[in-house]
Undergrad: 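A single structure is presented below for examination.
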Amino acid sequence: MRAYWKANQLKLAPWLFLLPGILMFLMYVIIPIFQSLNVSFYAWDGLGEKEFVGMSNYVELMDDEAFYTSLKNNLIWLVLYMLAIPAGLFVALFLNQTVRGIRIYKSLFFFPFVISQVVVGLVFAWFYDPNYGLLNILINALGFDSIAVLADERFVTYGIIVAGLWPQTAYCMILYLTGLNAVDPEQIEAARLDNAKGWRMLWYVILPQLKPATFIAIVVTVIGALRSFDLISIMTDGGPWGSSRVLAFYMYEQAFSEYGFRMGYGAAIAVVLFAIMMVYITGFLYKMYRDERGR
Amino acid sequence: MNNKNKVFKHGLAVALASALFGSTAFAGELVINTDTSDPAPKEAFETLVKGFEAENPDVKVTLNLFDHEGYKTSIRNFLTADAPDLASWYAGNRMLPYVNAGLFEPVDDVWDANGLNKSLKSAAASMTIDGKKWGIPYTYYQWGIYYRKDLFAQNGIEVPTTWAEFKAAGATLTAAGITPITIGTKYLWTAAGVFDYLNLRTNGYDFHMALTKGEISWTDERVLNTMNHWKELIDAGFFIKNHAAYSWQEALAPMVQGEAAMYVMGNFAVAPLREAGLGDDQLGFFPFPEITPGIPRAEDAPTDTLHIPANAKNKEDAKKFLAYLARADVQTEMNKTLGQLPINADSTAGDDVFLQQGFELLSNAEGLAQFFDRDAPAEMAKAGMEGFQEFMVKPERLDTILKRLEKARLRIYK
């Protein structure tokens with residue numbers, strides 16, 4: 001035993017150190033993925049007997065209007081949520097100066113990210129309120145009729161995304177602010193000597209150096225868009241008539257809400273959501289792999 | 001020394017065991033899980049437990065109060081994993097999943113031994129599944145129309161009793177710049193209350209129950225009649241604008257401010273309306289008016305109940321407790337605190353004017369529905385209520401909505 005250990009110490013030690021992490025990862029990530037996949041082939045209310053139904057949950061999903069509404073909203077979220085990145089960049093550029101008390105301004109801009117999503121949702125729900133909300137006071141002052149943003153199927157998803165962009169912009173801003181600290185002053189000076197300024201300076205000198213920050217900003221924003229659950233739950237509860245649901249919310253509704261407990265169907269939605277994320281995750285892993293090999 | 005150590009170890013084991021099996025009941029110990037965490041229900045339950053313990057000194061009751069929303073999820077866990085001896089829940093279809101999964105215990109013996117088939121008759125049907133009774137009902141409350149007496153008087157409107165009078169009253173109010181009905185449909189169920197009443201009044205109790213049981217097509221002409229009555233109200237501007245943006249509490253505001261005159265609601269709306277400053281000369285109640293003449297009058301009266309889980313440890317004392325809970329004097333006392341109505345026919349309702357009216361209303365009703373989301377299975381309820389909300393905003397989509405509901409019906413009731 002001891003001899004074996006001595007002979008293979010170098011080979012075994014890394015695995016021993018990895019073991020706790022691997023076990024956790026298996027238990028909380030890998031195994032549940034296969035469990036969900038398994039449950040999605042059953043009809044199960046979480047209490048009684050599971051009944052094997054094969055692909056019928058997926059067949060039903062293909063014919064479910066609510067599913068397509070959620071899918072469409074998910075795509076809208078993914079696209080529009082990306083606005084947080086340029087917005088965060090410009091706020092960061094704006095705040096990246098040495099003025100008296102700049103730290104206070106920076107922390108004020110970062111504030112929306114610190115408060116809970118639930119509070120953000122409530123604040124925006126009041127902002128949109130058709131009777132006394134600020135938005136409608138403004139719209140009325142301009143001479144238009146009130147819009148019930150959160151009760152209108154045409155606007156509701158956009159209304160929630162705007163609420164989500166507020167903290168997300170702050171998050172991207174802080175990422176870029178730290179990125180800007182690392183920008184090499186010598187390169188800027190060199191660019192100045194070559195008469196670069198304004199947009200060209202930003203595009204050709206600053207942005208390439210901010211690439212790591214941009215990368216992280218994209219990652220967190222995509223994740224933020226896909227897990228956009230709390231805002232929807234607080235602001236509309238998926239309504240009106242389900243028109244602001246996204247896949248994550250629909251999955252929760254089917255599997256765990258008061259009127260749900262269709263575990264199989266919920267699992268099928270989760271599997272589809274996972275497949276969508278997989279496209280992105282694969283791209284992400286491929287890029288990491290390529291970058292590491294490039295070095 | 002050695003001995004001492006042993007004692008310590010033993011003590012530790014007991015402490016561990018009691019920590020692990022927190023609600024394990026020993027003989028004479030009774031564990032009750034309820035979601036009655038709001039002040040009035042909490043007080044009612046504590047008094048109830050004290051009264052029971054006074055009469056049964058050998059039984060010690062532990063009362064676990066859960067948050068109202070969280071309870072709906074927790075009950076699924078504790079019924080299977082670590083069952084209490086009694087658990088609160090709701091009558092009608094809401095208890096069906098637990099009955100089907102064999103998690104509730106039938107309590108016909110309690111009903112038979114205490115003559116409850118007679119005294120709790122009004123709720124017997126909603127407690128029965130597969131010919132067995134599955135719990136004891138202890139409270140319910142009426143639904144109907146709460147209205148601003150003063151606004152009705154100012155505009156010379158009498159309390160409407162027929163559909164024509166109801167519509168005329170609405171027209172008068174609209175002409176006076178008052179929205180007839182306030183409602184907040186953000187959380188959907190309020191719209192189901194309106195549907196329940198329109199359908200009960202248009203097609204009657206038996207039809208309504210058959211519909212929620214899935215025996216009738218949603219594209220049936222009779223359902224269409226109900227929806228067309230609803231459409232008459234929508235087209236006449238009966239409901240407040242932007243109702244899909246409000247919860248039921250937020251929709252109280254227009255009524256308090258006198259911008260709306262009526263609210264189709266349960267009796268629990270009285271307390272917040274009074275707190276907001278409406279006096280008894282301003283706030284009144286009347287039953288939802290008749291639509292199809294001659295149809296026996298049925299009402300919505302959601303019932304709260306107590307059940308014995310199949311995995312309970314102390315079923316004997318649990319049954320004693322249920323028998324105590326069913327007693328007329330106990331229900332009288334308890335519902336005074338709750339501000340609701342007792343189910344036992346020999347009980348008396350509280351002095352409150354709305355309780356008296358509700359008692360009168362429900363005692364003379366031909367049938368009692370539980371409410372749409374308790375009569376229909378959960379999935380159908382969700383689809384239905386979403387459809388109702390959409391219909392109230394986009395009445396022109398009626399056909400699409402009914403077709404969608406019919407598709408859901410065919411899938412859900414196999």
Side-chain angles (χ1 to χ4, degrees), chain A residues 43-51 53 56-57 59-60 63-66 69 125-126 128-133 135-136 145-156 159 233-245 250 252-263 265-266, chain B residues 68-69 71-73 75-77 79-80 94 96-103 184-189 191 240-247 250-251 253-254 257 259 373 376-394 397 400-401 403-404 407-408 411-412 414:
Chain A
W44 186 38
D45 65 357
L47 285 174
E49 290 294 301
K50 282 190 212 169
E51 185 198 341
V53 292
S56 82
N57 280 329
V59 172
E60 193 191 324
D63 190 31
D64 184 349
E65 284 172 51
T69 314
W126 291 330
Y128 290 138
D129 184 286
N131 277 341
Y132 54 82
L135 177 73
N136 280 304
D145 275 345
S146 300
I147 306 170
V149 177
L150 296 182
D152 191 313
E153 56 183 350
R154 288 169 299 171
F155 308 129
V156 62
S233 174
I234 289 295
M235 293 175 73
T236 62
D237 204 28
W241 53 92
S243 49
S244 64
R245 279 192 285 240
Y250 192 41
Y252 158 82
E253 234 179 30
Q254 289 293 325
F256 305 112
S257 78
E258 186 177 353
Y259 301 111
F261 295 115
R262 294 183 71 198
M263 297 299 172
Y265 199 58
Chain B
H68 195 67
E69 291 304 314
Y71 189 79
K72 289 167 187 163
T73 323
I75 187 172
R76 302 170 68 88
N77 298 333
L79 282 184
T80 42
R94 268 299 170 94
L96 187 65
Y98 305 115
V99 172
N100 282 346
L103 292 172
T185 59
K186 181 173 172 186
Y187 295 103
L188 306 176
W189 54 269
I240 57 164
K241 267 196 222 162
N242 300 324
H243 51 76
Y246 302 124
S247 67
E250 287 167 319
Q257 289 154 9
E259 288 161 15
D373 71 351
E379 281 175 62
M380 191 68 233
K382 174 82 180 168
M385 296 191 305
E386 239 168 57
F388 300 152
Q389 188 200 32
E390 182 170 359
F391 172 70
M392 285 184 74
V393 182
K394 307 269 178 193
R397 292 188 193 160
T400 328
I401 294 169
K403 267 185 208 135
R404 194 196 315 144
K407 196 173 119 190
R411 178 177 59 75
I412 293 163
K414 266 178 218 150

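The structure displayed is predicted, hence computed values, not measured ones. Numbers restart at 1 for each chain; the letters A, B, ... are given by sequence-line order, proteins then strands.
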Undergrad: Would you tell me whether A:Y128 and A:N136 have side-chain atoms, one donor and one acceptor, within less than 3.5 Å of each other?
TA: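 Note: A:Y128 and A:N136 side chains miss the donor-acceptor criterion.
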Undergrad: Decide yes or no for A:F256 and A:M263: does some side-chain heavy atom of the first lie under 4.5 Å from some side-chain heavy atom of the second?
TA: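 Answer yes - side chains close enough.
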Undergrad: Tell me, for B:K394 versus chain A, whether the close heavy atoms (under 4.5 Å) come from the side chain, the backbone, both or neither.
TA: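 For B:K394, side-chain heavy atoms alone lie under 4.5 Å from chain A.
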Undergrad: Please lay out, stage by stage, how A:R245 and B:E386 fare under the test salt bridge (charged side-chain N to carboxylate O under 4.0 Å, His left out).
TA: CA-CA 13 Å; A:R245 279 192 285 240; B:E386 239 168 57; 3.1 Å; yes
Undergrad: Taking every non-hydrogen pair under 4.5 Å, which of A:P240, A:G238, A:A125 racks up the most with chain B?
TA: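 With the most close heavy-atom pairs to chain B, the winner is A:P240.
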Undergrad: With a 4.5 Å heavy-atom cut-off, do A:E253 and B:K382 have their side chains touching?
TA: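 Yes; the side chains approach each other to less than 4.5 Å.
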Undergrad: Considering only heavy atoms, which portion of A:T236 lies under 4.5 Å from any heavy atom of chain B: side chain, backbone, both, or neither?
TA: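 When you check distances to chain B, only backbone atoms of A:T236 fall under 4.5 Å.
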Undergrad: Check whether any side-chain heavy atom of B:D373 lies under 4.5 Å from a side-chain heavy atom of B:R94, and answer yes or no.
TA: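 In contact.
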Undergrad: Under 4.5 Å heavy-atom distance to chain A, tell me which part of B:Y246 shows up: side chain, backbone, both or neither.
TA: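 Contact with chain A involves the side chain of B:Y246 alone.
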Undergrad: Scan side-chain atoms only and decide if A:E51 and A:W44 contain a donor-acceptor pair under the 3.5 Å cut-off.
TA: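 No, no side-chain donor-acceptor pair sits under 3.5 Å.
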Undergrad: In terms of heavy-atom proximity below 4.5 Å to chain A, should B:M380 be classed as side chain, backbone, both, or neither?
TA: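 No part of B:M380 comes within 4.5 Å of chain A.
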Undergrad: Checking B:L79 against chain A: side chain, backbone, both or neither under 4.5 Å from a heavy atom?
TA: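 Looking at B:L79, nothing touches chain A.
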Undergrad: For the candidates B:E390, B:K407, B:E250, which exhibits the highest count of non-hydrogen atom pairs separated by less than 4.5 Å from chain A?
TA: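 Highest number of heavy-atom pairs under 4.5 Å: B:E390.
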Undergrad: Name the region of A:Q254, side chain, backbone, both or neither, that has any atom closer than 4.5 Å to a heavy atom of chain B.
TA: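 Neither part.
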Undergrad: Please identify, among B:R76, B:K72, B:K241, the residue contributing the most non-hydrogen atom pairs under 4.5 Å to chain A.
TA: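 Between B:R76, B:K72, B:K241, the count favours B:R76.
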Undergrad: Return the option, out of A:V149, A:D63, A:D152, A:V156, with the maximum number of heavy-atom pairs under 4.5 Å with chain B.
TA: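 Among the listed options, the one with the most contacts to chain B is A:D63.
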Undergrad: Side chains of B:M385 and B:T185, heavy atoms from C-beta outward: is any pair under 4.5 Å?
TA: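 No, too far: nothing below the 4.5 Å cut-off.
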